[in-house]
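Keep in mind that this is a model prediction, so the values were computed, not measured.
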Amino acid sequence: MAQATVTSHGEKMKTFRLLSGRAIPAVGIGTWKTGSEAEHAVYSACGAGYRHIDTAAQYGVQPEVGRAIKRAVHEGVERDSLFVTSKLWCTDLSPERVRPAFENTLRELQLDYLDLFLIHWPFRLKEGASRPPKAGEVMEFDMEGVWREMEELVKEKLVKDIGVCNFTIKKLNNLLGFARIMPSVCQMEMHPGWRNDKMLEACKNNRIHVTAYSPLGSQGHGRDLIHDPLVEKIAMKLNKSPGQVLVRWAIQRGTSTIPKSTHPDRIHENLHVFDWDIPHQDFQALCSLPDQKRVLDGEELFVNKTDGPFKSEADLWDHED
Ligand code: NDP
Ligand code: 1BO
């Protein structure tokens, strides 16, 4: 369900309602690979009107993100108006490591609560695991035990909502079988080059909100959707940029999305997607892009072709693609 709110800049910012009743702003700033520019990017984003920030312990930029938030709050942005997400990394995917990892995230971000805490990937890695992992470096994952600890954080009001990333329908059903607090959000790769329709449908059926990551195709190492002829053609027709068309496409599918940029002009551009829409026919054309393929298949991180436990990309995704 969507609703409209107004940011401090008078710009209309759509939000989506979570199962918990809280609102998640439709567009957030991504922080993966922002490196030394993270503080500037997040601070610029807050200035541009963003109120949703996506980060993770694994990105190594939480101290910079925390400083940016602190500066923005100091200059008048209310903490309560911000939606801050972080994620539990794979080496912390055991019940006894959830709380210390979470506390470290709060410390790095200089916050006293998080809005959303997600399981980053549903695979437990040994500390210092190689890429690709050696035998024994992908360990058994006690999903129920980890989720119970995350539920405790909600009960103690240290985090408002909890959720998952990079799940399959099989893993989601497993989680739903024992969850006492439902996952509010499932974050996954989604863009016209990887629609991930089946997971979107599964989440909708369970009223779990979806956040689309890598909405621009994760430029650089990913799929160059910014220069895709269809995206360019629609952008030209609508007098928008290709980036805006891709962000708008995600929102029109009912997902929030978290484009990453460290450039103030693009940060600004990616947020200006609320007072126009992609006409039905063009939207459908974007929903029909051929060569559907993930950019982030997880293979380098989690597949060991000889020793397993995951011997192929298909194993990671439970053979659902
Ligand atoms: P995106 O799809 O957001 O693409 C980012 C790239 O696009 C950067 O190279 C950026 O360059 C460029 N870019 C940004 N805006 C524009 C624009 N308007 N026009 C042209 N180019 C543009 O990729 P990400 O993979 O970073 O995904 C976004 C976020 O999603 C991540 O930062 C992270 O927060 C989250 N994520 C979560 C994952 C998970 O496992 N849960 C996995 C992957 C991502 P520049 O900075 O130079 O502008
Ligand atoms: C390996 C981390 C992917 C970005 O969330």
Side-chain angles (χ1 to χ4, degrees), residues 1-18 22-34 37-55 59 61-62 64-86 109-111 113-116 160-161 185 187 191 209-216 219 226 235 238-278:
M1 192 201 297
Q3 59 177 27
T5 56
V6 179
T7 70
S8 54
H9 289 237
E11 177 75 14
K12 262 198 174 167
M13 160 72 92
K14 188 168 166 172
T15 60
F16 292 99
R17 186 68 67 191
L18 302 179
R22 299 190 74 241
I24 184 169
V27 178
I29 182 83
T31 63
W32 186 32
K33 296 185 177 168
T34 46
E37 293 172 291
E39 181 175 346
H40 178 63
V42 173
Y43 179 71
S44 299
C46 290
Y50 285 70
R51 292 295 177 266
H52 174 175
I53 299 161
D54 182 82
T55 194
Y59 301 164
V61 294
Q62 291 189 146
E64 290 79 1
V65 171
R67 284 200 294 275
I69 294 173
K70 195 171 184 182
R71 279 169 65 197
V73 168
H74 184 69
E75 289 168 21
V77 172
E78 285 180 25
R79 166 64 184 99
D80 285 359
S81 72
L82 293 173
F83 190 100
V84 183
T85 302
S86 188
L109 289 169
Q110 301 185 60
L111 296 176
Y113 71 90
L114 272 189
D115 295 276
L116 178 64
K160 309 268 186 193
D161 281 279
V185 173
Q187 190 180 116
H191 44 70
H209 175 74
V210 171
T211 297
Y213 76 63
S214 303
L216 312 175
Q219 300 291 297
I226 293 286
L238 301 177
N239 198 21
K240 300 292 172 193
S241 74
Q244 287 175 312
V245 167
L246 292 164
V247 172
R248 179 72 213 180
W249 180 82
I251 296 168
Q252 275 183 227
R253 286 182 101 210
T255 65
S256 56
T257 190
I258 44 177
K260 169 262 174 187
S261 181
T262 53
H263 291 91
D265 51 344
R266 288 174 173 173
I267 288 172
H268 199 263
E269 177 184 315
N270 293 342
L271 191 64
H272 286 250
V273 290
F274 296 110
D275 56 356
W276 57 280
D277 56 18
I278 305 172

Test applied, side chain to side chain donor-acceptor pair (under 3.5 Å); reference residue, Gln187; option that passes from Thr85, Thr255, Asp54: Asp54
Counting C-beta onward and ignoring hydrogens, is there a side-chain heavy-atom pair between Trp276 and Leu238 closer than 4.5 Å? yes
Pair Lys240, Arg248 - check side chain to side chain contact (heavy atoms under 4.5 Å, CB included), show working. CA-CA 10 Å; Lys240 300 292 172 193; Arg248 179 72 213 180; over 6 Å; no
Nearest 0.5 Å, what's the CD1-CG distance between Ile278 and Leu246? 8.0 Å
From the list Leu109, Ile29, Val42, side-chain contact (heavy atoms from CB on, under 4.5 Å) partner of Thr55 resolves to Leu109
So does Asp115 pair up with Arg79, basic N to acidic O under 4.0 Å? yes
Salt bridge between Glu39 and Arg71, side-chain N to carboxylate O under 4.0 Å? yes
Less than 3.5 Å apart, any donor N or O on the side chain of His209 or Ser256 sitting next to an acceptor on the other? yes
Measure across Thr31 and Val61 and return the closest heavy-atom pair with its distance rounded to 0.1 Å. O-CG2, 3.8 Å
Scanning both residues in full, the closest heavy-atom pair of Gly30 with Thr34 reads O-CG2, 4.0 Å
Just wondering, more than 12 heavy atoms not from Lys33 lying within 6.0 Å of its NZ? yes
Leu116 and Val84, any side-chain heavy atoms less than 4.5 Å apart: no
I'd like to know if the side chain of Arg51 and the backbone of Phe83 have a donor-acceptor N/O pair within less than 3.5 Å. no
Using modelled atom types only, decide if a donor and an acceptor are shared between the side chain of His52 and the backbone of Pro25 within a distance under 3.5 Å. yes
Identify the heavy atoms of Leu82 and Cys46 that sit nearest to each other, and give their distance. CD2-SG, 4.4 Å
Given Phe16, which partner from the list Val185, Thr211, Ile251 fulfils the side-chain contact (heavy atoms from CB on, under 4.5 Å) test? Ile251
From Asn239 CG over to Gln244 CD, what is the distance, rounded to the nearest 0.5 angstrom? 9.0 Å
What are the two closest heavy atoms between Ser86 and Gln62, and how far apart are they? OG-OE1, 2.5 Å
So CG of Asn270 and CD1 of Ile258: to nearest 0.5 Å the spacing works out to 12.5 Å
Glu75, CD atom: more than 12 neighbouring heavy atoms under 6.0 Å: yes
In Å and rounded to the nearest 0.5 Å, what is the CD to CG distance from Gln252 to Asp277? 5.0 Å
Has the side chain of Tyr50 got a donor or acceptor atom that lies under 3.5 Å from a matching backbone atom of Ile267? yes
As an exercise, state the distance from CG of Asp161 to CD1 of Ile24, rounded to the nearest 0.5 Å. 8.0 Å
Identify whether NZ of Lys or CZ of Arg in Lys160 sits under 6.0 Å from the centre of the six-membered ring of Tyr113 and within 45° of that ring's axis. yes
Rounding to 0.5 Å, atoms NE2 (His40) and NE2 (His263) come to a distance of 9.0 Å
Using atom types as modelled and distance alone, determine if a side-chain donor or acceptor of Thr257 lies under 3.5 Å from a backbone N or O of Ala212. yes
Heavy atoms of Ser214 and His191 approach each other most closely as O-CD2, 3.1 Å
Ser241 side chain to Glu269 side chain, donor-acceptor N/O pair below 3.5 angstrom: yes
No-hydrogen, no-angle side-chain donor-acceptor test under 3.5 Å, Tyr43 and Glu64: no
For the student: nearest non-hydrogen atoms of Leu216 and Pro259, plus distance: CD1-CB, 4.2 Å
